[in-house]
Amino acid sequence: MPVFQIIAKRLVGLVFVVLGVSVITFIVSHLIPGDPARLIAGDRASEAMVDAIREKLGLNLPLYEQYWLYLKGLLQGDLGTSIRTGRPVLQDLLAFFPATMELAVVSLILAILIGVPLGVLSAVYKNKWIDQITRTVSVMGISMPAFWLGMGLIIIFYGNLSWFPAGGRLSQGVPVPPFVTGFYLVDSLLAGEMRTFYNALWHLVLPALTLSFVHLGVVSRQIRSSMLEQLSEDYIRTAKAYGLPKWQVILRHALPNALIPSVTVLGLALGDLLYGAVLTETVFSWPGMGLYVVNSIQALDFPAVMGFAVLVSFVYVLLNLLVDLLYLLIDPRIKEVG
Amino acid sequence: MQDNQAGQVNEWVLSVEDLRVEFPIYKGAVKALNGVNLRVAAGEIVGLVGESGSGKSVCAMMGMRLIPSDSYRVTSGSIHQSGRDVLKLSEKQMRDIRGSEVSMIFQEPMTALNPVMKVGKQIINVILQHQSISRAKAKEKTLALLRDMYIADPERVFDSYPFELSGGMRQRIMIALAFSCEPKLLIADEPTTALDVTVQKQVLLLLRERARKTGAAILLITHDMAVVSQFCERVYVMYAGAVVEDGFTRDVMKQPRHPYTQGLLAGLPENVKPGTPLKTIGGQVPDLAQLPVCCSFMNRCERKADICSKVPDLLPLTSDPSHKVACWIVQQEDERNAR
Amino acid sequence: MVAGLKHRGSYFWYQLRRSPMTMVGLGIIIFMCLAALLAPVLAPYNPDVINLRARLQPPSMAHWFGTDEVGRDIFSRVLYGGQQSIGVGLFVAFVASFIGTIIGCFSGIFGKWVDTTIMRIMDVMLSVPSLVLTMALAAALGPSLFNAMLAITLVRVPYYVRLARGQTLGIREMVYVKAAQTFGASRHHIVQWHVIRNALPPIIVQTTLDIGNAILMAAALGFIGLGAQQPTAEWGAMVSAGRNFLIDQWWYSTFPGLAILITAIGFNLLGDGVRDMLDPKQKVK
Amino acid sequence: MPDNCLVSLNDIQVHFPVKKNWLGHVKSTAHVLNGINLQANAGETLGIVGESGCGKSTLAQVLMGLLPPTRGTVTWHTGSGKPNIQIVFQDPQSSLDPRLPVWKVITEPIHIQGGHSRAQLRQIAADLAVQVGLREEYMDRYPHEFSGGQRQRIAIARALAPNPDIIVLDEPTSALDISVQAQILNLLNDLQKARNLSYILISHNVSVIKHMSKRIAVMYLGQIVELGPTSEVLQKPAHPYTELLLDAVPDMAGSQTMTGSIDLPELPGNRHLPSGCFFYDRCHYRDEEGCHLAQPLRCLGAEQAIRWVRCYKNIYENSIRAESTESGIQ
Amino acid sequence: ATPKDTLVIAKSADPQTLDPAVTIDNNDWTVTYPSYQHLVKYKKGSTEVEGDLAESWTASDDNLTWTFKLKPGQKFADGSDVNADAVKYTFDRLLRIKQGPSEPFPAMQTSVKDPLTVEFKLETPFAPFLYILANNGAGIINPAVEKAEGGADNFLAGNTAGSGPYQMTKWEKGQAIQLERNPHYGGEKPALDKVLLKIIPDASAQRLQLQNGDLDIVAKLPVDQIESLKGKPGVHFEKVPSLLVTYLYLNNKTGPMANLDARKGVVQAIDYEGIVEGVLNNQGKQLKGPIPDGMWAYDDSNPDFKQDLDAAKASFAKANLGKQDLILLYSNRDANWEPIALTTQANLAALGVNVKLEKLANATMRDRLGKGEFDIAIGNWSPDFADPYMFMNYWFDSEKGGLPGNRSFYSNPEVDKLIRKAAEISDQEERTKLYQQAQKMVLDDFAYAYLFQKSEEIGLRDNVKGFAYNPMLDDVYNVQDINKE
Ligand SMILES: Nc1ncnc2c1ncn2[C@@H]1O[C@H](COP(=O)(O)OP(=O)(O)OP(=O)(O)O)[C@@H](O)[C@H]1O
Ligand SMILES: Nc1ncnc2c1ncn2[C@@H]1O[C@H](COP(=O)(O)OP(=O)(O)OP(=O)(O)O)[C@@H](O)[C@H]1O
Ligand SMILES: [Mg+2]
Ligand SMILES: [Mg+2]
C-alpha cells in the first residue's frame with residue numbers, strides 16, 4: 001500500500017478515535033461526583049457565587065450542549081480552558097507534554113538498547129544460565145511496581161551516594177535552552193550548550209532507568225520469543241548450511257526478521273510509557289503531564305482531563321501511523337500484501 | 001562406484017559408516033539413525049529414498065552437522081567428507097566446509113531464503129564468506145551464476161526479494177547458492193517436492209547439468225521413486241533409521257530384493273493396471289523411541305522367520321556384489337541360489 | 001508423537017520439571033496463595049487493630065515486618081493484604097478474559113459491520129490513556145477496591161477482544177472450519193465446537209500473565225488512593241501509605257512492595273512456562 | 001447429458017479482488033476460474049489434474065457451495081434438490097479439529113443435522129471407523145495421536161457419515177507416504193464399489209488419477225483445456241499442455257534418460273489474463289495464424305462427444321477439425 | 001548547596017492561578033503575597049495589622065465609611081505609581097469577578113478622593129473589615145494589566161503585576177518559579193536577589209534535598225520525617241504556632257448524629273491525647289473549643305477534652321442508635337486524616353459502634369459535605385483574617401450551613417443572635433464576651449468534635465536568617481526579611 005494511502009487511512013481513523021476518546025472521557029469525567037464550580041469558588045463561597053461561576057464556565061448547560069461546544073472548539077484546535085488554572089488547556093499541556101515525551105522516548109531508547117540485546121542473548125542461549133538470568137531480569141522488570149523502584153533509586157543514588165539529582169529536569173541556575181522541540185537534550189545540543197545538555201542528561205538517568213526497566217522486560221521478552229521463532233525458521237538453517245558465522249546469522253538474518261513483529265509491540269510500549277510516566281513523574285518531581293492530569297482528575301477539571309486524553313490518543317494514533325510507515329521501511333513484503 | 005573397487009576409497013566425497021544418532025526426549029530417546037552406511041563418490045548422483053520419518057533428513061543434516069549439538073547424541077559411527085572426519089571438526093572448521101566443500105538445498109524454497117534480504121545479497125554474502133574477493137567481483141560472479149541458472153534477467157532477480165519470485169525461481173536461486181562456491185558434494189533434501197511436475201523437471205535437469213559441469217556429486221533425497229529412477233545412478237533405501245537396500249538404480253527398481261522395497265514399489269499406482277487394488281504393506285512404522293531389538297521391518301514383513309529377531313547387517317549379495325540388502329531371508333536365499 | 005500419551009498428566013509434570021523457572025513461579029504462587037488464605041491462622045495480630053503508641057516500630061521479634069503509622073502489624077497486614085491483591089488479580093484477569101473472549105469470538109465470527117463496529121470501539125478504548133480511564137472510572141464509581149477492580153477489568157477487556165478476534169480469524173480460515181461449513185454448520189456450532197476450544201490456549205496464557213499485571217495495576221490505583229479503603233489491607237495502598245516513611249521507616253513500604261514484586265514474578269514465570277508448554281513448536285514431535 | 005449425470009457446471013467463473021484502494025475500489029483481480037464447463041456422473045470418478053494454482057481447489061469449493069461463483073451456475077440433478085456432497089481435504093492434519101475426540105470429528109456432520117443422541121452418534125462413529133479400517137477403541141483419542149494415513153481415514157469416515165452421493169477428493173493422498181497412499185487409494189476404491197459413490201478426484205499426481213478415474217479433465221489457468229477418458233487422454237494428449245505435463249512426469253522405466261529444455265518462461269499469473277489462447281506463450285506448436293486467438297472447448301470426434309480440447313491446432317489428429325461447438329459440452 | 005543570593009523553597013505543587021482576585025489557595029499565595037502590597041499588612045509574625053501601602057486610615061463612627069491615605073512614592077514593578085486609582089481598580093475588579101477572595105467583603109463602594117486618598121463605603125457594618133484588607137485578595141494590582149495581551153484576567157493568571165518586594169520573573173511549569181527583586185519597591189530593599197520555588201511533589205524527596213542542602217526552606221513535612229531530620233547537620237526546625245485546626249464535623253441535621261447524645265458519645269469516645277501524641281507526634285495541642293489558642297477571645301478556662309469510654313457508653317446507650325453504621329468521610333488532602341479516621345473508628349468500635357470509612361477525592365468529599373451526606377467527616381480550617389469571626393460566625397451561623405462554613409449544619413437561634421451581634425460592633429472586649437458566651441453554648445450542643453491545633457515545624461538550613469512565620473499566612477514566607485549567611 002502506498003504511503004499516502006496508509007496516511008489517509010490513519011487520518012480517517014484519527015478523527016474517529018479522537019471523537020470516541022472525547023466522548024468516553026467526557027462521559028466518564030462527568031460521572032465523577034462533585035461540582036468543579038464549587039471547587040473553584042472555594043470552601044466558604046455562597047451559593048450565588050457558585051452559580052455565577054457555573055454559568056461562566058458553561059457548566060449549567062445541558063450535557064449534550066456542553067459536549068457540542070467542546071467539540072466545536074476541538075475542531076478548531078481549541079481544547080478549552082482549564083477550570084483549575086484558568087489558562088487554555090492546550091497551553092498547559094504543551095508546557096508539560098515535551099517533558100513527558102522526552103522521558104518516554106529516552107526510556108524507550110534505553111529499553112530497546114538494553115532489551116534487544118538481552119532478548120537476543122536469551123534466545124540464542126535458550127535454557128542456559130544466560131537465558132535464566134535475562135529472563136529473571138525481564139520478569140522482575142515487568143513485575144516491579146515502578147513507583148517503588150523509583151523511590152528506592154532516589155534513596156540510594158541521591159540520598160546515600162549523591163550521584164544523581166533527586167528530581168526535576170535541570171539543576172537550578174542551569175539555563176533552560178531556547179524552545180525548539182521542548183526536549184532539553186535536543187534543544188541544548190541545537191543551542192550548543194553542552195553544560196545544559198549534560199545537566200539534563202544527568203537528571204534523566206534515574207527516572208529513565210526506572211521507566212525503562214519496566215519496559216525492558218516487555219521488549220526483551222518480545223524479542224526473545226520472536227527470535228526463537230525466527231531461529232527455528234528454514235532460512236536460518238540455510239544460512240548456517242552455507243557456512244555463515246553464527247553471529248552473522250543471528251544478527252543479520254534472524255534479528256531483522258524478529259524485529260518486524262516487534263515493531264508493533266515497541267510502538268505500543270511507547271504509548272504505555274506515556275501513561276506509565278504518570279507515576280514515575282510523581283516520584284521524580286518530573287514536570288510532565290502526569291502530575292497535571294492526576295491533579296486535574298481530582299479537581300474535576302474536565303477540559304484538562306479531556307484535553308490530556310485527546311492529546312495522548314492523538315499521539316497514540318500518530319505512533320501507530322509511524323509504526324505502519326516503519327513496516328514499509330523494514331518489511332519489503334508489505335507493499336505486495338497491502 | 002563400488003566398495004570392492006579398491007583404491008578408490010579416498011574418492012568418497014561422503015562416507016557414512018555405521019552412524020547411530022539419537023535424540024534424547026522425555027523417557028528415553030528417539031533413535032533416529034540406527035547404523036547408516038552410505039557413500040557418495042565424486043561426481044555421482046545418488047538417491048536416498050524412504051518413508052517419511054525414516055531418517056533421511058537427519059542423515060543429511062548430520063553430514064553438514066547442522067543439528068544443534070545439544071539436542072542429539074552420536075552413539076557410534078563416523079562421517080567422512082573427502083577424508084575428513086566431520087564429527088571431529090571444530091565448529092570453525094565446519095563453517096569453512098559448509099557452502100564451499102559441501103552444500104545443501106532444502107525442500108521448501110518458500111521459507112529457505114531470508115524473506116527480508118534481497119536474493120543477490122544473500123548469494124554475495126555466501127561467496128564473500130568463502131572467497132577473498134571484492135564485493136564487486138562477487139556481484140559479477142553472482143550475476144554469472146544466475147545466468148547459468150537460465151534466468152532470463154539476472155539483474156532484476158538479483159534485486160528481488162524472495163517473495164517476489166515464483167517457487168521454481170526460488171529453487172533456482174537455491175541451486176545458484178549451492179553452487180556458488182563450487183562444492184564437491186551437494187545434498188538436496190527433497191528439492192522438488194513442493195514444485196509442480198513441469199517445474200520439477202526443469203529444476204532436476206538444471207541440478208544435473210550443474211553437477212556435470214562442476215563435477216560435484218549429488219545426494220538426492222526424495223520419496224519419489226520415479227525421480228530416483230530418472231536421475232540417480234545409485235540409490236539407498238532407508239527404513240526406520242537404517243539403510244535396508246542399496247545398489248544401482250536400475251537393479252533396485254527392476255529387481256528390488258528387500259521386502260520393504262518390494263512393498264514400496266508394488267504400492268505405486270504406476271506399477272499396476274488402473275483400477276486394480278494396489279499392494280500395501282500392512283502394519284505400521286515402528287516407534288523410533290521404542291525400537292525392538294530385531295529387524296525393524298519384522299512386524300510388517302510377510303516373510304519373517306525366527307532369524308529376523310536378530311538385527312540384520314547390510315551385506316552385498318553374492319549374486320551381485322554391487323547390490324546390498326539388509327535382510328536375513330534374502331541373504332540366505334541368495335546364498336542358496338548362488339551355490 | 002508424544003510418547004506415552006496415556007500419561008498426559010505426567011507429561012505435563014515432565015515439562016514443568018524441565019523448566020525450573022516455571023517451577024519457581026508455581027512455587028511462589030502456591031506459597032503466596034497459601035500465606036494469604038491461611039492469614040487468619042498465620043497472622044500474629046489482628047491486621048486492623050491500631051495501637052497509636054506502638055507506631056512505626058522497626059522489624060523485631062514482636063513485629064517481624066515492623067508496624068505502620070497507627071501501630072498495626074505489617075506482617076499481619078501483608079498476609080491479609082494478599083487476599084485482596086491476589087483476589088483482585090484473579091478477578092480482573094478472569095473476568096476480563098471471559099468477557100473479552102466472548103466479544104472477540106463473536107466479532108471475529110460475525111465479521112462485517114458488527115466486527116467493524118466492535119473493533120472501532122475497542123480501538124478507541126485502547127487509545128484512551130488506560131491509567132486515566134481507570135482513574136476516572138474508579139473516581140466515578142467511588143473509591144473502593146471493588147470499583148477499582150471493575151475499572152481495571154473494563155480497561156483490560158479490549159486486549160482480550162483483540163486477541164480472541166485474531167485467534168478467531170485464524171481459526172475461521174482453518175480447514176476443519178471449512179469442513180464444518182460444508183456440513184451446513186451454523187455460526188453457533190462453529191464457535192462452540194471449534195473456535196472457543198482452539199482459541200483458548202493463547203488466551204489462557206495471556207490470562208495467567210495478566211494476573212500479575214492486574215495486581216500491579218490495583219497497586220498503582222492504591223498508590224494514587226483509588227483502591228482499597230481503610231482499614232482493609234491491600235499491598236498497593238500499603239506501599240503508597242508507607243511512601244512518606246520510606247527513608248527512615250523503610251520497612252513500611254518495602255515489605256508490601258516485595259510482596260507485590262514476588263507475586264507478580266510468580267504469575268509471570270508461570271505464564272511464560274505455560275506459554276512454552278502450549279506452544280506446539282516446542283513440543284517433542 | 002447422460003442420464004446418470006449428477007451435477008453440471010456451466011461457465012463457472014471465480015474472480016477474487018486482491019487489491020483494493022482505500023476507498024474500497026478493486027484495483028486488481030485474481031482470475032481464478034475462467035469459464036469451467038463440466039459434469040460429473042453417478043458412480044464414476046472424475047479426475048482433475050493441473051498445475052498448482054490453476055484453480056483446482058477453488059473449483060472444489062464452488063462444488064461444495066463454500067464459494068459462490070462470480071458467474072455461471074451449478075446445477076444438481078439429484079432429484080431431492082439438496083445435494084449430498086462431501087469433501088476430503090489434502091492435509092489430514094489441518095482438516096481435523098485437534099481438540100475434538102475422533103468420534104466427535106466423525107459425527108460432526110450428523111450432529112449438525114441433529115436428531116441423534118450421544119450414544120447413537122458414538123455407535124455411528126464406531127461403525128464408520130470400522131468401515132475405513134480404524135479400530136473402535138480409538139474413538140476417544142484425539143487426531144494428533146494418529147498417523148497421517150489414519151487421520152486421512154478419519155477424514156474419509158467423516159465424509160461418509162451423512163451418506164453422500166458425491167465425494168470431492170482434493171488431493172487426498174499428496175501429503176501421505178507411498179505405502180500409505182496405496183492403502184487410502186484401495187480404501188477409496190472399495191468404498192466406491194460398496195456404496196456406489198461418485199468421486200471428483202483432484203490431484204497433480206497423474207499416476208494417481210490414472211489409477212483411479214475413468215474420465216479426466218486437465219486444467220490450465222482456470223479453464224479446462226482437455227477432457228476425456230483417462231486412458232485416451234494420457235496416451236494421446238490432444239492439447240500441448242497435456243503433452244507438456246505428461247512429458248514432465250518422470251516414469252519408473254527410465255534410466256537417467258530424462259531430457260528437455262531447462263529454460264522455460266515463467267508461468268503466467270492469474271492477475272492479468274493473457275488475451276487469446278492462455279497457453280500461447282508456452283506452446284511449442286504455436287504459429288502465427290489463428291493460434292493466438294481465444295479458443296473454445298471443442299469436441300474431438302464428432303460422433304461421440306466424449307473428448308474435448310481447447311486448442312486451435314489439434315496436435316493429436318491434425319486431420320480432425322471438429323465443427324466448433326462454441327458453447328462447449330451440454 | 002544553594003547560591004547565596006537565592007533562597008530556595010520547596011513546594012508540593014504548581015500554583016494554579018496567580019490572580020489575587022481568583023485564588024483562594026495558600027499554595028498560590030507563596031508567589032502572590034510577596035509580589036503585591038496591600039493597604040495593611042500583618043505585623044511580622046503576628047495577627048495584628050499595620051499600614052503597608054496605607055499611611056493612615058480612619059473609620060466613621062457607624063463603621064460604614066473607611067478612608068485610607070496612601071504612602072507617597074510607592075511604585076509598581078514597572079515603575080508606575082501606586083495611587084488611589086489603582087486601589088479602586090483593584091477592589092472594583094475583585095467585586096466584579098466575584099470569586100472566592102471577594103467572599104468576606106461586604107457590599108461596598110470604592111471612590112477616589114484624591115490621588116493618594118481612597119474611600120470605601122460599606123452597606124452594612126463589618127467589624128473585621130480592616131483585617132480582610134490584609135488578605136491576599138486585596139493585593140493592589142497595577143491597572144496597566146488592562147492593556148496586557150490576552151486581557152487582564154488571562155495575564156494575571158500567569159503573571160504578577162504588583163508593587164511588592166518581589167516579582168515573578170519565570171515560571172517553568174511543574175519545575176520552578178523564580179521571584180526577583182522589584183527594583184522599584186518602595187520599602188526597605190530585601191537582602192536576597194532571588195527566590196526560587198521548586199516544585200517537588202514527593203515529601204521524601206523534599207526531605208532528602210533539604211538534608212543535602214539543595215533546599216533552604218521546607219514546610220509541612222510529615223511529622224516522622226521531621227523527627228528523623230532533627231539532629232542532621234545543617235538543618236534546624238522552627239516550631240511555630242499555627243491557627244490551622246483539625247476537627248470532626250458531626251452531622252447535626254440528619255442521620256444518627258442528629259441525636260445530641262450520639263454526638264456526645266462520639267466526643268467522649270475519642271482518644272484526643274492519643275491522636276496528638278500518636279498522629280501528630282506531639283506537634284500540636286488539643287483544642288478546647290472552636291476558638292484556638294492565639295486568637296483573641298480564646299478561653300483558656302475551658303477544660304481539655306478527654307476520652308471517657310464509660311461516659312461515652314452511657315451516652316450511646318441513651319441515644320440508642322441500634323445497629324447503624326456511621327459513615328466517616330475523609331480525603332487524601334491531609335496525611336493526618338487517615339490515622340485520625342482509623343483512630344476514631346477504633347475508638348468507637350470499642351463501644352460497639354461501627355464506623356465505615358470512605359476516603360474520597362477532595363472534590364467528591366466536598367460535594368458530599370455540601371449535601372450533608374455523611375455522619376462524621378474530618379476537616380481542617382484556618383482563618384483568612386485574624387478575627388474569631390472566622391471561627392464562630394462561619395461554623396455556627398445557621399445560614400452558613402454546609403460548605404460555606406457550618407459543616408455540621410448546626411442551628412441554634414440563640415447562638416445565631418449572639419454571633420451576628422458580635423460581628424457588627426467594633427468593641428473588642430464586648431465582642432470577646434459575646435463570642436465566649438456563644439462558645440459555651442455550642443460546646444454543650446456537641447456541634448463538632450474539636451481535635452487539635454497543629455503547630456507547624458518549618459525546616460530551615462542553618463544559614464537562613466530572619467525567617468518569621470505568620471499564623472495568618474500559611475505557605476507565605478516573609479522573603480523580604482530573610483537573608484543568608
Ligand atoms: N530434533 C529432533 N528431536 C527429536 N527427534 C527428531 C529430531 N529430528 C528428527 N527427529 C526424529 O527423527 C526421525 C527421522 O526424521 P527425518 O526428518 O530424518 O525423516 P525424513 O526421512 O527426512 O522424513 P520426511 O520424508 O518426512 O522428510 C523422525 O522420527 C523424527 O521425529
Ligand atoms: N481468497 C482468495 N483471494 C485471492 N486469490 C485466491 C483466493 N483463493 C485462491 N486464490 C488464488 O487462486 C488461485 C488458485 O487457487 P487454488 O487453491 O484453487 O489452486 P489449486 O489448483 O488448488 O493449487 P494447488 O495445486 O497448489 O492446490 C491461486 O493463484 C490462489 O492464489
Ligand atoms: Mg525430511
Ligand atoms: Mg489445491
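Labels below follow one simple rule: chain letters A, B, ... track the order of the sequence lines, proteins then strands, and each chain is numbered from 1.
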* Considering only heavy atoms, which portion of A/V50 lies under 4.5 Å from any heavy atom of chain E: side chain, backbone, both, or neither? -> neither
* Residue A/T81 versus chain E: region with a heavy atom under 4.5 Å -> neither
Choice from [options] maximising heavy atom contacts with chain A below 4.5 Å:
{"options": "E/M365, E/Q16, E/R368", "value": "E/Q16"}
{"options": "E/T17, E/N212, E/I200", "value": "E/N212"}
{"options": "E/Q211, E/R207, E/Q209", "value": "E/Q209"}

* **Interface residues of residues 181-198 of chain A facing chain E - non-hydrogen atoms under 4.5 Å apart** => A/Y184
* **Side chain proximity check, A/P287 to E/I199, heavy atoms < 4.5 angstrom** => no
Contact origin within [X] toward chain A - heavy atom pairs under 4.5 Å:
{"X": "E/K194", "result": "neither"}
{"X": "E/E172", "result": "side chain"}
{"X": "E/D214", "result": "both"}
{"X": "E/A176", "result": "neither"}

* Who pairs with A/Y292 by ring-ring contact (aromatic ring centres under 6.0 Å, His included), at least two apart in sequence or on another chain? -> A/F96
* Asked: When you look at E/S204 and A/I154, which way does the side-chain contact (heavy atoms from CB on, under 4.5 Å) test go after all the steps?
  -> CA-CA 9 Å; E/S204 312; A/I154 292 187; over 6 Å; no
* Should the heavy atoms of other residues, nucleotides or ligands under 6.0 Å from OH of A/Y67 be counted, would the total exceed 12? -> yes
* Would you name the heavy atoms of A/L170 and E/Q175 that are closest together and state the gap between them? => N-OE1, 4.4 Å
